[in-house]
Amino acid sequence: MDKLNIRGGHRLSGDIIVSGAKNAALPELCAALLVAGPVTLDNVPRLQDVATTLKVLRTMGATAERSSSQPDQVLIDASTINTPEAPYELVKTMRASILVLGPLLARFGQATVSLPGGCAIGSRPVDQHIKGLQAMGADIRVEHGNIVARAARLKGARITTDMVTVTGTENLLMAATLAEGETILENAAQEPEIPDLAELLIKMGARIEGHGTHRIRIQGVERLHSPSVAHRIVADRIEAGTFLCAVAATGGDVTLRGARADHLDAVIDKLREAGAHIESGQSAAGEDWIRVQSEGRLRAVSFRTSEYPAFPTDMQAQFMAVNCIAEGVARVSETIFENRFMHVNELVRLGAHIAVDGHTAIVEGIPRLSGAAVMATDLRASASLVIAGLVAEGQTVVDRIYHLDRGYDRMEAKLRGVGADIERIKG
Ligand code: UD1
């Protein structure tokens with residue numbers, strides 16, 4: 001298993017190019033299942049989760065390959081699907097495989113997707129995906145650990161999910177594009193990856209309104225088309241937010257190229273409250289950028305995770321690392337996932353003072369962390385350990401970074417490019 005070896009204490013300065021969003025790439029790769037023809041996606045991040053999704057699509061009979069000349073481009077052709085099934089071996093490694101359920105059912109009238117198992121950051125059920133598809137007329141059973149879904153043709157429906165669910169909204173949105181009549185998704189997620197997916201679907205001929213709001217309206221069409229469907233994936237706001245936190249913590253001056261500040265309002269507000277200086281804009285060529293400058297010790301800031309546009313749960317661990325070395329005490333409340341404080345014990349190994357009380361962690365900032373061997377437990381927890389390692393005195397070794405590789409595109413190379421002392425140890 002690969003590890004990261006970090007020697008802390010270096011200021012970061014320079015430019016980092018932000019990759020395409022993992023959480024947009026995964027549904028958009030699955031959306032290609034809706035058409036019998038080629039779909040080209042650009043700005044596809046090089047991540048393990050993307051590789052797994054391409055494998056899922058190939059297992060079903062689709063062509064799904066990275067371009068050899070342009071590595072950030074992926075071409076999918078789902079005209080040759082012969083097995084509308086996502087097997088356990090792949091689903092168990094990535095819950096987001098559930099995103100094939102809606103498109104397969106809508107296009108082929110049947111789908112078998114292994115039921116995702118337990119997950120390190122909470123039970124994360126998929127009942128809302130199932131409830132929504134049932135409301136659209138699907139017959140859904142769980143047989144031998146698989147979700148087995150059938151429907152002659154899905155029918156438009158008005159669906160109100162019990163809670164705001166990101167992949168649930170995406171699955172139902174994709175399914176509704178081919179349903180008969182109108183579907184209204186109430187209580188829809190508004191995360192920027194959803195309008196990005198909707199824009200791709202509209203390029204395929206889907207009729208969608210209200211994406212990016214809590215009510216999405218879809219007029220089903222009989223067939224989506226594909227001639228020359230090409231789409232550039234939106235920038236990864238969580239990757240950008242992670243680098244903002246890293247620079248805020250280490251001190252320095254870094255410009256994130258390709259990153260959209262308007263997708264990170266809640267995080268940027270909190271970083272400013274902590275004392276970091278952040279500005280953003282667009283280059284003459286139309287490229288978005290965010291610049292972060294940070295000097296001296298920051299102030300600890302409290303926050304509470306919630307659905308977009310509020311503070312993202314996917315940034316909780318990284319911002320907690322910033323609070324660990326800030327001045328004062330911060331309360332960090334996690335409202336989206338149970339059990340998403342697994343980084344706390346590892347941060348404590350680096351000397352952090354954190355006490356967990358139910359869904360709230362109380363972080364008492366200290367001037368210095370001290371390097372140690374730590375273990376990554378999930379994707380964003382890994383990123384928080386990297387940030388802590390960058391500011392800790394001495395050497396930090398982060399083990400099990402396969403979690404990090406699931407969602408960050410060459411993170412250590414990007415950090416090295418701005419002056420971090422970080423290297424991968426192949427294991
Ligand atoms: C997506 C993101 C993930 C992010 C999360 C919350 C992707 C691929 N992943 O995950 O990075 O952390 O949104 O912003 O986009 N729930 C149910 N039943 C359901 C669905 C969800 O109870 O059928 C609950 C979950 O357990 C959780 C909450 O709803 O407590 C939100 O989960 P959801 O938005 O669905 O997360 P994901 O889409 O899995």
Side-chain angles (χ1 to χ4, degrees), residues 20-31 44-45 47-50 52-53 56 91 93-102 113 115-135 140 142 147 159-175 185 187-198 214 233-234 236-239 241-242 263-264 266-267 304-319 333-343 359 378-384 403-404 406-408:
K22 167 179 92 72
N23 287 354
L26 304 184
E28 289 174 18
L29 290 166
C30 296
V44 183
L47 308 172
Q48 192 52 46
D49 275 8
V50 166
T52 305
T53 307
V56 172
V91 176
T93 66
M94 190 187 67
R95 287 188 81 264
S97 320
I98 190 72
L99 285 165
V100 301
L101 181 63
V113 179
L115 199 56
C119 169
I121 59 171
S123 59
R124 296 180 87 171
V126 291
D127 56 306
Q128 300 301 308
H129 304 231
I130 292 174
K131 172 181 131 171
L133 293 171
Q134 282 171 331
I140 301 188
V142 175
I147 302 170
I159 301 166
T160 308
T161 46
D162 294 0
M163 76 289 293
V164 176
T165 153
V166 176
T167 48
T169 300
E170 291 164 347
N171 234 337
L172 299 175
L173 168 62
M174 291 190 279
L185 301 179
N187 205 20
Q190 304 182 77
E191 270 69 1
E193 293 76 25
I194 289 172
D196 202 59
L197 168 65
H214 273 316
I233 293 174
V234 67
D236 197 315
R237 65 197 162 95
I238 304 299
E239 186 198 19
T242 301
H263 290 167
L264 274 166
V267 175
R304 182 174 176 275
T305 64
S306 192
E307 292 90 8
Y308 188 83
F311 195 100
T313 174
D314 284 351
M315 282 301 305
Q316 181 253 105
Q318 301 90 311
F319 211 110
S333 301
E334 172 59 52
T335 75
I336 306 291
F337 292 114
E338 55 196 83
N339 200 18
R340 204 175 197 181
F341 281 143
M342 282 177 308
H343 41 287
H359 293 296
D378 69 49
L379 171 55
R380 306 304 169 185
S382 323
S384 81
H403 290 292
L404 200 72
R406 285 189 43 212
Y408 286 93

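This is a predicted model, so every value here is computed, not measured. One-based numbering, in listed order, for ligands and for the atoms of each.
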Just how far is it from atom OG1 of Thr165 to atom CD of Glu307, taken to the nearest 0.5 Å?
10.0 Å
Using side-chain hydrogen bond (donor to acceptor under 3.5 Å, both in side chains) as the criterion, point out the one residue from Arg380, His343, Arg340 that pairs with Gln316.
His343
What are the atoms of ligand 1, with element, lying closer than 4.0 Å to any heavy atom of Arg95?
39 (O)
Which ligand 1 atoms, with their elements, are less than 4.0 angstrom from a heavy-atom of Thr313?
6 (C), 12 (O), 14 (O)
State whether the shortest distance between N or O atoms of Gly168 and N or O atoms of ligand 1 falls below 3.5 angstrom.
no
Sub-3.5 Å donor-acceptor pair from the side chain of Glu338 to the main-chain atoms of Glu334, do we have one?
no
Donor-acceptor pair, Thr169 side chain versus Ala189 backbone, under 3.5 Å?
yes
Give yes or no for whether the N/O distance cutoff of 3.5 Å, strictly under, is met between Lys22 and ligand 1.
no
Could you grab the distance from atom CG of Leu26 to atom OG1 of Thr53, nearest 0.5 Å is fine?
4.5 Å
For atom 20 (C) of ligand 1, which candidate among Pro27, Ser306, Gly407, Pro125 holds the nearest heavy atom?
Pro125
For His129, the ligand 1 atoms with a heavy-atom partner under 4.0 Å come out as 23 (O)
Under a 3.5 Å distance rule, please check whether Asp49 uses its side chain to pair with a backbone N or O of Gly407 as donor and acceptor.
no
Between Ile336 and ligand 1, does any nitrogen or oxygen pair lie at a separation below 3.5 Å?
yes
I'd like the name of whichever of Val164, Leu379, Ile238 reaches closest to atom 31 (C) of ligand 1 through any heavy atom.
Val164
State whether Arg237 and Glu193 are salt-bridged, where the test is any N-O pair (Lys NZ or Arg NE/NH1/NH2 against Asp/Glu carboxylate O) under 4.0 Å.
yes
Any N or O on Thr167 sitting closer than 3.5 Å to an N or O of ligand 1?
yes
Asn23-ligand 1 polar pair, N/O distance under 3.5 Å:
yes
Has the side chain of His214 got a donor or acceptor atom that lies under 3.5 Å from a matching backbone atom of Asn187?
no
Return yes if some donor-acceptor pair links the side-chain N/O of Asp196 with the main-chain N/O of Val234 below 3.5 Å, else return no.
yes
Numbered atoms and elements of ligand 1 in range of Gln128, under 4.0 angstrom, heavy atoms:
18 (N), 19 (C), 23 (O)
Any heavy atom of Arg340 closer to ligand 1 than 4.0 angstrom?
yes
Looking at non-hydrogen atoms alone, which of Asp378, Asp314, Ile130 comes nearest to atom 12 (O) of ligand 1?
Asp314
